[in-house]
Chemist: 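Below is a structure I'd like to ask you about.
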Amino acid sequence: DSGVTQTPKHLITATGQRVTLRCSPRSGDLSVYWYQQSLDQGLQFLIQYYNGEERAKGNILERFSAQQFPDLHSELNLSSLELGDSALYFCASSPISRRDGAKTQYFGPGTRLLVL
Amino acid sequence: DAKTTQPPSMDCAEGRAANLPCNHSTISGNEYVYWYRQIHSQGPQYIIHGLKNNETNEMASLIITEDRKSSTLILPHATLRDTAVYYCIVRVAGGNQFYFGTGTSLTVIP
(Lines give C-alpha, C1' and ligand atoms only; values in the text may rest on other atoms or scores of the structure.)
Protein backbone atom coordinates (compact mmCIF):
# COMPACT_ATOMS: atom_id res chain seq x y z
CA ASP A 1 0.00 0.00 0.00
CA SER A 2 1.59 3.23 -1.21
CA GLY A 3 -0.60 5.49 0.91
CA VAL A 4 -2.10 7.16 -2.15
CA THR A 5 -5.83 6.60 -2.54
CA GLN A 6 -7.96 6.97 -5.64
CA THR A 7 -11.70 6.85 -6.14
CA PRO A 8 -13.62 5.38 -7.78
CA LYS A 9 -11.86 2.15 -8.68
CA HIS A 10 -14.02 1.61 -11.73
CA LEU A 11 -16.10 3.97 -13.79
CA ILE A 12 -18.32 3.18 -16.76
CA THR A 13 -19.87 6.02 -18.71
CA ALA A 14 -21.03 6.99 -22.16
CA THR A 15 -19.45 9.10 -24.87
CA GLY A 16 -19.97 12.82 -24.43
CA GLN A 17 -20.25 12.58 -20.67
CA ARG A 18 -18.09 14.17 -17.98
CA VAL A 19 -16.46 12.41 -15.04
CA THR A 20 -14.33 13.37 -12.07
CA LEU A 21 -11.56 11.23 -10.66
CA ARG A 22 -10.31 11.86 -7.15
CA CYS A 23 -6.91 11.37 -5.58
CA SER A 24 -5.68 11.75 -2.01
CA PRO A 25 -1.91 11.95 -1.73
CA ARG A 26 0.23 10.44 0.99
CA SER A 27 0.20 12.39 4.20
CA GLY A 28 2.56 15.34 3.90
CA ASP A 29 3.17 15.06 0.16
CA LEU A 30 2.61 18.36 -1.60
CA SER A 31 2.99 17.19 -5.19
CA VAL A 32 0.36 15.28 -7.10
CA TYR A 33 0.79 13.83 -10.58
CA TRP A 34 -1.73 12.35 -12.97
CA TYR A 35 -0.94 9.67 -15.53
CA GLN A 36 -2.98 7.90 -18.18
CA GLN A 37 -2.31 4.33 -19.23
CA SER A 38 -4.01 2.99 -22.31
CA LEU A 39 -3.25 -0.22 -24.15
CA ASP A 40 -1.59 1.44 -27.10
CA GLN A 41 0.13 4.38 -25.38
CA GLY A 42 1.62 3.05 -22.19
CA LEU A 43 1.94 5.28 -19.15
CA GLN A 44 1.68 8.93 -20.15
CA PHE A 45 2.22 11.87 -17.83
CA LEU A 46 -0.70 14.30 -17.87
CA ILE A 47 -0.19 17.03 -15.30
CA GLN A 48 1.42 17.90 -11.97
CA TYR A 49 0.28 20.09 -9.12
CA TYR A 50 2.36 21.34 -6.25
CA ASN A 51 0.68 22.78 -3.18
CA GLY A 52 -2.34 23.87 -5.15
CA GLU A 53 -0.59 25.26 -8.19
CA GLU A 54 -0.05 23.72 -11.58
CA ARG A 55 3.62 22.86 -11.95
CA ALA A 56 4.03 20.87 -15.16
CA LYS A 57 1.93 19.75 -18.09
CA GLY A 58 2.36 16.71 -20.24
CA ASN A 59 0.14 15.15 -22.86
CA ILE A 60 -3.10 16.39 -21.40
CA LEU A 61 -5.99 17.08 -23.74
CA GLU A 62 -7.87 20.36 -23.60
CA ARG A 63 -10.99 18.38 -22.65
CA PHE A 64 -9.20 17.33 -19.47
CA SER A 65 -8.48 19.54 -16.49
CA ALA A 66 -7.27 19.10 -12.95
CA GLN A 67 -6.98 20.96 -9.71
CA GLN A 68 -5.50 20.53 -6.28
CA PHE A 69 -7.43 21.69 -3.25
CA PRO A 70 -6.19 23.29 0.00
CA ASP A 71 -6.33 19.90 1.73
CA LEU A 72 -4.00 18.69 -1.07
CA HIS A 73 -6.38 16.19 -2.62
CA SER A 74 -6.66 16.46 -6.37
CA GLU A 75 -9.35 15.90 -8.95
CA LEU A 76 -9.00 15.11 -12.63
CA ASN A 77 -11.96 16.18 -14.73
CA LEU A 78 -12.55 14.50 -18.07
CA SER A 79 -15.23 15.97 -20.32
CA SER A 80 -16.77 15.25 -23.72
CA LEU A 81 -15.56 11.73 -23.29
CA GLU A 82 -14.62 9.67 -26.31
CA LEU A 83 -14.13 5.95 -26.71
CA GLY A 84 -10.38 6.49 -26.84
CA ASP A 85 -10.39 7.95 -23.34
CA SER A 86 -10.96 4.49 -21.93
CA ALA A 87 -7.85 3.81 -19.87
CA LEU A 88 -6.37 3.45 -16.44
CA TYR A 89 -5.78 6.75 -14.71
CA PHE A 90 -3.15 6.84 -12.00
CA CYS A 91 -2.38 9.45 -9.45
CA ALA A 92 0.99 9.71 -7.76
CA SER A 93 2.37 11.88 -5.00
CA SER A 94 5.87 12.73 -3.94
CA PRO A 95 7.74 14.26 -1.07
CA ILE A 96 11.06 15.96 -1.44
CA SER A 97 13.75 13.74 -0.02
CA ARG A 98 16.03 15.65 2.26
CA ARG A 99 18.69 13.04 1.76
CA ASP A 100 19.32 13.43 -1.92
CA GLY A 101 16.77 15.78 -3.42
CA ALA A 102 15.13 12.96 -5.31
CA LYS A 103 11.42 13.17 -5.92
CA THR A 104 10.29 9.58 -5.72
CA GLN A 105 6.69 9.20 -6.85
CA TYR A 106 4.30 6.84 -5.10
CA PHE A 107 1.38 5.66 -7.18
CA GLY A 108 -2.18 4.96 -6.24
CA PRO A 109 -4.14 1.89 -7.36
CA GLY A 110 -5.72 3.73 -10.27
CA THR A 111 -9.19 4.32 -11.67
CA ARG A 112 -10.27 2.19 -14.59
CA LEU A 113 -12.44 4.23 -16.94
CA LEU A 114 -14.53 2.60 -19.62
CA VAL A 115 -16.31 4.82 -22.11
CA LEU A 116 -19.07 3.09 -24.06
CA ASP B 1 14.52 14.28 -22.23
CA ALA B 2 16.81 11.41 -21.42
CA LYS B 3 15.50 8.16 -22.85
CA THR B 4 16.04 4.61 -21.72
CA THR B 5 16.35 1.35 -23.61
CA GLN B 6 15.32 -1.96 -22.08
CA PRO B 7 14.87 -5.45 -23.49
CA PRO B 8 11.16 -6.11 -24.06
CA SER B 9 11.08 -9.37 -22.12
CA MET B 10 13.13 -11.67 -19.93
CA ASP B 11 12.67 -14.95 -18.10
CA CYS B 12 14.18 -15.92 -14.79
CA ALA B 13 14.04 -19.16 -12.81
CA GLU B 14 12.45 -18.93 -9.41
CA GLY B 15 15.06 -18.52 -6.68
CA ARG B 16 17.71 -17.23 -9.05
CA ALA B 17 18.87 -13.64 -9.39
CA ALA B 18 17.11 -11.56 -12.00
CA ASN B 19 19.35 -9.00 -13.70
CA LEU B 20 17.46 -6.38 -15.67
CA PRO B 21 19.59 -4.09 -17.84
CA CYS B 22 18.87 -0.52 -18.89
CA ASN B 23 20.73 1.83 -21.21
CA HIS B 24 20.50 5.58 -20.66
CA SER B 25 23.40 6.92 -22.70
CA THR B 26 22.13 10.52 -22.80
CA ILE B 27 21.68 10.89 -19.06
CA SER B 28 22.77 14.21 -17.57
CA GLY B 29 24.92 14.56 -14.50
CA ASN B 30 22.11 15.58 -12.19
CA GLU B 31 19.53 13.07 -13.35
CA TYR B 32 18.51 10.14 -11.20
CA VAL B 33 17.85 6.61 -12.40
CA TYR B 34 14.63 5.14 -11.04
CA TRP B 35 13.19 1.67 -11.24
CA TYR B 36 9.50 0.89 -10.91
CA ARG B 37 7.48 -2.21 -11.57
CA GLN B 38 3.86 -2.78 -12.47
CA ILE B 39 2.10 -6.00 -11.67
CA HIS B 40 -0.89 -6.62 -13.96
CA SER B 41 -2.83 -3.33 -14.00
CA GLN B 42 -1.90 -2.23 -10.51
CA GLY B 43 -0.28 1.13 -9.82
CA PRO B 44 3.45 1.26 -10.54
CA GLN B 45 5.47 0.31 -7.48
CA TYR B 46 8.66 2.13 -6.57
CA ILE B 47 11.67 -0.17 -6.27
CA ILE B 48 14.84 1.85 -6.01
CA HIS B 49 16.69 4.88 -7.34
CA GLY B 50 20.24 6.15 -7.57
CA LEU B 51 22.43 8.92 -8.89
CA LYS B 52 26.01 7.71 -9.13
CA ASN B 53 26.62 5.10 -6.47
CA ASN B 54 25.25 1.60 -6.31
CA GLU B 55 22.23 1.30 -4.08
CA THR B 56 20.60 -1.56 -2.19
CA ASN B 57 17.36 -1.85 -0.30
CA GLU B 58 15.12 -4.64 0.90
CA MET B 59 13.72 -5.20 -2.57
CA ALA B 60 16.66 -4.94 -4.94
CA SER B 61 20.09 -3.65 -5.81
CA LEU B 62 20.89 -1.01 -8.40
CA ILE B 63 24.24 -1.07 -10.14
CA ILE B 64 25.13 2.06 -12.14
CA THR B 65 28.15 2.04 -14.40
CA GLU B 66 30.89 4.56 -13.76
CA ASP B 67 30.03 6.53 -16.90
CA ARG B 68 26.33 6.39 -15.86
CA LYS B 69 25.28 5.33 -19.33
CA SER B 70 23.71 2.10 -18.15
CA SER B 71 22.43 0.40 -15.05
CA THR B 72 21.25 -3.00 -13.87
CA LEU B 73 18.48 -3.81 -11.46
CA ILE B 74 19.12 -6.98 -9.51
CA LEU B 75 16.41 -8.96 -7.77
CA PRO B 76 18.58 -11.33 -5.71
CA HIS B 77 16.13 -14.23 -5.31
CA ALA B 78 13.27 -13.93 -7.74
CA THR B 79 9.88 -15.29 -6.75
CA LEU B 80 6.73 -15.83 -8.78
CA ARG B 81 5.35 -12.60 -7.30
CA ASP B 82 8.16 -10.68 -9.01
CA THR B 83 6.57 -11.34 -12.40
CA ALA B 84 5.81 -7.85 -13.65
CA VAL B 85 6.78 -5.13 -16.11
CA TYR B 86 9.88 -3.32 -14.90
CA TYR B 87 10.46 0.28 -15.92
CA CYS B 88 13.79 2.06 -15.91
CA ILE B 89 13.25 5.82 -15.81
CA VAL B 90 15.52 8.80 -15.89
CA ARG B 91 14.03 11.88 -14.31
CA VAL B 92 14.08 14.77 -16.73
CA ALA B 93 16.49 17.48 -15.68
CA GLY B 94 14.60 20.53 -14.49
CA GLY B 95 11.32 18.69 -14.52
CA ASN B 96 9.40 16.48 -12.19
CA GLN B 97 7.51 14.11 -14.41
CA PHE B 98 8.58 10.58 -15.19
CA TYR B 99 8.64 9.31 -18.74
CA PHE B 100 7.78 5.63 -18.75
CA GLY B 101 8.98 3.65 -21.71
CA THR B 102 7.79 0.17 -22.64
CA GLY B 103 9.74 -1.54 -19.87
CA THR B 104 10.87 -5.15 -19.55
CA SER B 105 8.29 -7.83 -18.97
CA LEU B 106 9.91 -10.21 -16.48
CA THR B 107 8.47 -13.69 -16.12
CA VAL B 108 9.65 -15.76 -13.19
CA ILE B 109 9.40 -19.43 -14.04
CA PRO B 110 8.77 -22.09 -11.38
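Proteins get letters first, then strands, A, B, ... in listed order; numbering begins at 1 in each. Values below: every heavy atom of this structure, side chains too, minus hydrogens, waters and symmetry copies.
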Chemist: Please determine whether the number of non-hydrogen atoms from other residues, nucleotides or ligands lying under 6.0 Å from atom CZ of A:R112 exceeds 12.
Modeler: no

Chemist: Can you get from A:Y49 to A:L78 by hopping between Ile, Leu, Val, Met, Phe, Trp and Tyr side chains that sit under 4.5 Å apart?
Modeler: yes

Chemist: Hey, could you give me the OH/CD distance between B:Y46 and A:Q105, rounded to the nearest 0.5 Å?
Modeler: 12.0 Å

Chemist: Grouping I, L, V, M, F, W and Y whenever their side-chain heavy atoms are under 4.5 Å apart, do A:L21 and A:I60 come out in a common cluster?
Modeler: yes

Chemist: Can you establish whether the number of heavy atoms outside A:L39 located under 6.0 Å from its atom CG is more than 12?
Modeler: no

Chemist: At a heavy-atom separation under 4.5 Å, does A:Q6 approach chain B through its side chain, its backbone, both, or neither?
Modeler: neither

Chemist: Find the distance between CZ (B:F98) and CZ (A:F45) and round it off to the nearest 0.5 Å.
Modeler: 11.0 Å

Chemist: Any idea which of B:P44, B:G43, B:G101 has the most non-hydrogen atom pairs under 4.5 angstrom with chain A?
Modeler: B:P44

Chemist: If you round to the nearest 0.5 Å, how far is CZ of B:F100 from CZ of A:F90?
Modeler: 9.5 Å

Chemist: Please classify the contact between B:Q45 and chain A as side chain, backbone, both or neither, with a heavy-atom cut-off of under 4.5 Å.
Modeler: neither

Chemist: Transitively linked via ILVMFWY side-chain contacts under 4.5 Å: A:V32 with B:Y99?
Modeler: no

Chemist: Just how far is it from atom CD of B:Q38 to atom CG of A:L88, taken to the nearest 0.5 Å?
Modeler: 7.5 Å

Chemist: Are the side chains of A:T104 and B:Y36 in contact, using a 4.5 Å heavy-atom criterion?
Modeler: yes

Chemist: Please classify the contact between B:S41 and chain A as side chain, backbone, both or neither, with a heavy-atom cut-off of under 4.5 Å.
Modeler: both

Chemist: Between B:L75 and B:M10, is there shared hydrophobic-cluster membership here, with clusters defined by ILVMFWY side-chain heavy atoms closer than 4.5 Å?
Modeler: yes

Chemist: Which side-chain hydrogen bond (donor to acceptor under 3.5 Å, both in side chains) pairs, counting each pair once, include a residue from residues 78-89 of chain A, with sequence neighbours left out?
Modeler: A:Q36-A:Y89, A:R63-A:D85

